[in-house]
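If you're wondering where the values come from, they're calculated on a predicted model, not measured in any experiment. In what follows, every chain begins at residue 1, and chains take the letters A, B, ... in the order their sequences are listed.
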Protein chains: 2
Amino acid sequence: MASRKSRPERRQEPLSRERIVAAAVELLDTVGEGGLTFRALAERLVTGPGAIYWHVTGKTELLAAAIDAVITPVLAGDDTGATPQEAIRALALGVFDAIDAHPWVGTTLAQLPRTPGKSPMLRVFERIGRQVQALHVPEAAQFTAASALLSYILGVAGQNAANTRAARANPDRTAFLDAVATAWRELDPVEYAFTRDVAGQLRAHDDRAEFLAGIDLILAGITAGRADGRTGP
Amino acid sequence: MASRKSRPERRQEPLSRERIVAAAVELLDTVGEGGLTFRALAERLVTGPGAIYWHVTGKTELLAAAIDAVITPVLAGDDTGATPQEAIRALALGVFDAIDAHPWVGTTLAQLPRTPGKSPMLRVFERIGRQVQALHVPEAAQFTAASALLSYILGVAGQNAANTRAARANPDRTAFLDAVATAWRELDPVEYAFTRDVAGQLRAHDDRAEFLAGIDLILAGITAGRADGRTGP
DNA sequence: ACCTGAACACCGTTCAAGT
DNA sequence: ACCTGAACACCGTTCAAGT
């Protein structure tokens with residue numbers, strides 16, 4: 001086995017936080033959350049696991065950085081010329097699509113605290129809040145309105161990640177939805193009356209449109225009548 | 001060391017799925033998600049880790065069962081005599097309080113697919129849907145309305161779990177909120193104009209009331225005008 | 001300063017062997 | 001039928017030693 005010693009095909013670039021995070025995103029996209037391992041990452045980067053710790057404090061930070069890398073481009077959009085409603089819809093759809101493309105983001109995003117400055121969570125909150133102000137929501141209700149929109153987006157994100165995971169086992173999407181619809185229709189007619197009723201709507205169902213409709217529902221609630229929402233005396 | 005051999009104080013009951021799940025909930029409550037370990041669980045139940053696998057297929061099922069055990073009592077409430085709005089608020093608050101008491105539920109709940117029958121997720125969805133029907137929402141919009149409410153509840157659940165985790169490091173709640181408010185006010189005035197504006201509302205802030213206000217916002221959107229929500233041409 | 005890779009202290013899960 | 005506990009194949013993280 002006489003192997004010619006030659007310059008390797010691609011030169012070994014030095015390790016860097018950037019390269020590590022990029023490799024982590026790739027790993028998460030291809031093998032999912034369970035696949036992100038310091039050993040697997042090290043192999044991809046042609047080093048030992050210890051080397052990664054020189055650039056990153058640990059797995060928590062690595063995951064946060066990966067999420068940041070996916071969400072940041074979403075926030076790059078420009079809102080000038082759009083109505084507040086349009087801007088909110090565009091932002092929400094951006095987050096939705098990003099999570100659709102990277103399901104692992106949906107799993108963890110909702111678990112990020114809004115507290116640290118510059119966190120992707122807080123940046124989305126800020127963007128939403130500006131549009132809420134543009135809607136002329138009274139000051140006292142702005143926090144509530146922005147929080148409600150954010151919570152809804154995060155909730156859908158989580159559900160979507162769960163659905164993607166569940167659907168991945170099934171090859172084709174329509175077949176999967178049909179299977180769920182059938183299962184729903186076979187539920188107990190008394191205990192699950194509503195679910196059975198709406199089972200039929202599942203087939204024609206478009207996740208993206210459904211998501212947007214929910215956003216519009218909240219926007220309608222925000223702009224309708226008294227914005228503090230409570231119905232009490 | 002002459003130790004008298006006597007009947008142990010509490011008789012060793014036989015292992016059962018019930019006892020295992022109860023111990024898991026206790027473990028999750030006291031040591032958090034990271035603390036739920038087959039070894040720790042086995043120690044609490046005075047057995048080896050292998051014994052647990054006779055009653056439970058694995059960790060995923062165990063966690064699902066633990067969540068089920070927490071959510072099921074919430075669904076026991078009776079809605080008779082309440083308006084649909086009141087019933088939805090009561091249910092939502094029930095879920096909120098359950099997650100407040102067991103933060104680990106919030107972390108995982110949103111990740112549960114709605115697909116398997118009898119899943120806690122689906123049962124909450126069913127309960128919400130009935131009240132949506134009672135609100136006389138047109139059939140075509142019922143799915144959207146119920147999904148929106150559920151997604152919002154799940155989103156808040158996740159955020160709440162994250163906040164609880166973040167706050168746990170800090171001893172007292174007001175001090176923690178003050179610290180966050182201060183941090184928010186020190187953010188860049190251009191990049192974080194909205195967040196800085198609402199920082200002041202954080203101190204007086206009541207998570208439960210805020211959550212309910214969000215529910216009311218969505219309810220207002222559902223009942224206001226055209227229930228399919230879209231504003232298009 | 002940055003990288004290496006063996007070593008440590010854990011995991012979930014399996015399974016032969018016991019009762 | 002049910003339990004035991006050693007063993008397997010992993011983890012994240014650390015750290016002495018190298019360059």
Side-chain angles (χ1 to χ4, degrees), chain A residues 5 7-8 10-69 104 107-108 111-112 165 169, chain B residues 5 7-8 10-69 104 107-108 111-112 165 169:
Chain A
K5 251 180 194 156
R7 190 144 48 90
R10 49 175 169 137
R11 237 182 168 294
Q12 196 47 34
E13 283 173 57
L15 217 46
S16 70
R17 214 186 114 97
E18 248 181 29
R19 276 189 67 221
I20 291 171
V21 173
V25 170
E26 226 181 275
L27 213 46
L28 286 161
D29 282 343
T30 51
V31 253
E33 300 192 64
L36 181 60
T37 283
F38 276 84
R39 275 170 249 262
L41 201 54
E43 200 182 359
R44 249 169 199 261
L45 296 165
V46 203
T47 19
I52 298 166
Y53 283 87
W54 186 262
H55 300 91
V56 144
T57 60
K59 197 169 187 183
T60 308
E61 188 196 318
L62 183 58
L63 211 69
I67 290 176
D68 204 287
W104 50 273
T107 317
T108 337
Q111 315 300 336
L112 289 181
R165 254 199 309 274
Chain B
K5 251 181 196 156
R7 190 143 48 89
R10 50 176 168 135
R11 235 180 169 293
Q12 194 48 31
E13 283 175 56
L15 217 48
S16 70
R17 215 186 116 96
E18 249 180 29
R19 276 189 67 220
I20 291 171
V21 174
V25 170
E26 225 181 276
L27 212 46
L28 286 161
D29 283 343
T30 51
V31 253
E33 300 193 62
L36 181 59
T37 284
F38 276 84
R39 275 169 248 263
L41 201 53
E43 201 182 358
R44 249 169 198 258
L45 296 164
V46 202
T47 19
I52 298 166
Y53 283 87
W54 187 262
H55 299 91
V56 145
T57 60
K59 197 170 186 183
T60 309
E61 188 195 317
L62 183 58
L63 212 70
I67 290 176
D68 203 288
W104 49 273
T107 317
T108 337
Q111 315 301 334
L112 288 182
R165 253 200 310 275

Report the C-alpha separation of E61(B) and H55(B) in whole Å, then their side-chain angles, then the decisive distance to 0.1 Å, and conclude whether the side chain to side chain contact (heavy atoms under 4.5 Å, CB included) test is met. CA-CA 10 Å; E61(B) 188 195 317; H55(B) 299 91; over 6 Å; no
Check step by step if side chain to side chain contact (heavy atoms under 4.5 Å, CB included) holds for L62(B) and L41(B). CA-CA 11 Å; L62(B) 183 58; L41(B) 201 53; 3.6 Å; yes
Phosphate OP1/OP2 of dC2(C) contacted by W54(A) side-chain N/O (<4.0 Å): yes
Donor-acceptor pair, distance only, cut-off 3.5 Å: does the side chain of Q111(B) make one with the backbone of T107(A)? yes
If I take atom CD1 in residue I52(A) and atom P in nucleotide dG5(C), what distance separates them, rounded to the nearest angstrom? 13 Å
Can you tell me how far P of dG12(C) sits from CG of L62(B), to the nearest Å? 10 Å
Taking the side chain of K59(A) as heavy atoms from C-beta outward, which of dC3(C), dT13(D), dT13(C) is closest to it? dT13(D)
Closest to the R39(B) side chain, choosing from dC3(C), dC3(D), dC11(C): dC11(C)
Side-chain atoms of T37(B) come closest, of dG5(C), dG12(D), dC11(C), to dC11(C)
Using a heavy-atom cut-off of 4.0 Å across all strands, would you classify L36(A) as base, sugar-phosphate, or nothing? sugar-phosphate
Side chain to side chain contact (heavy atoms under 4.5 Å, CB included) partner of W104(A), the single match among V31(A), V25(A), L27(A), L36(A): V25(A)
Round to a whole Å and report the spacing from CD of E43(A) to C1' of dC11(D). 15 Å
Heavy-atom nearest nucleotide on DNA chain C taken for T60(B) and for G50(A); more 5' hit belongs to G50(A)
Got R19(B) and R44(B) here, is their nearest side-chain heavy-atom distance under 4.5 Å? no
Write down the distance between CZ (F38(B)) and P (dC15(C)), rounded to a whole number of angstrom. 15 Å
Separation of dT14(D) P from H55(A) NE2 (nearest whole Å): 16 Å
Interatomic distance, I20(A) CD1 vs dC2(C) P [rounded to whole Å]: 12 Å
Using a 3.5 Å cut-off on both pairing distances, which stems of three or more Watson-Crick or G-U pairs include DNA chain D? C:4-8 with D:12-16, C:12-16 with D:4-8
Rounded to the nearest 0.5 Å, what separation is found between the CD1 atom of I52(A) and the CZ atom of R17(A)? 13.0 Å
Quick check for you: among dC3(D), dG12(C), dG5(C), whose closest atom lies nearest to any side-chain atom of A51(B)? dC3(D)
Among dC3(C), dG5(D), dG5(C), find the nucleotide with the atom closest to the side chain of P49(B). dG5(D)
To the closest 0.5 Å, what do you measure between NZ (K59(B)) and OH (Y53(B))? 9.0 Å
Return the value, rounded to whole Å, for the distance between atom CD of E33(B) and atom C1' of dC11(C). 16 Å
Could you state the atom-to-atom distance from CZ of R19(A) to P of dC2(C) in whole Å? 14 Å
Which nucleotide in the set dT13(C), dC3(D), dG12(D) lies at the smallest distance from any side-chain heavy atom of Y53(A)? dG12(D)
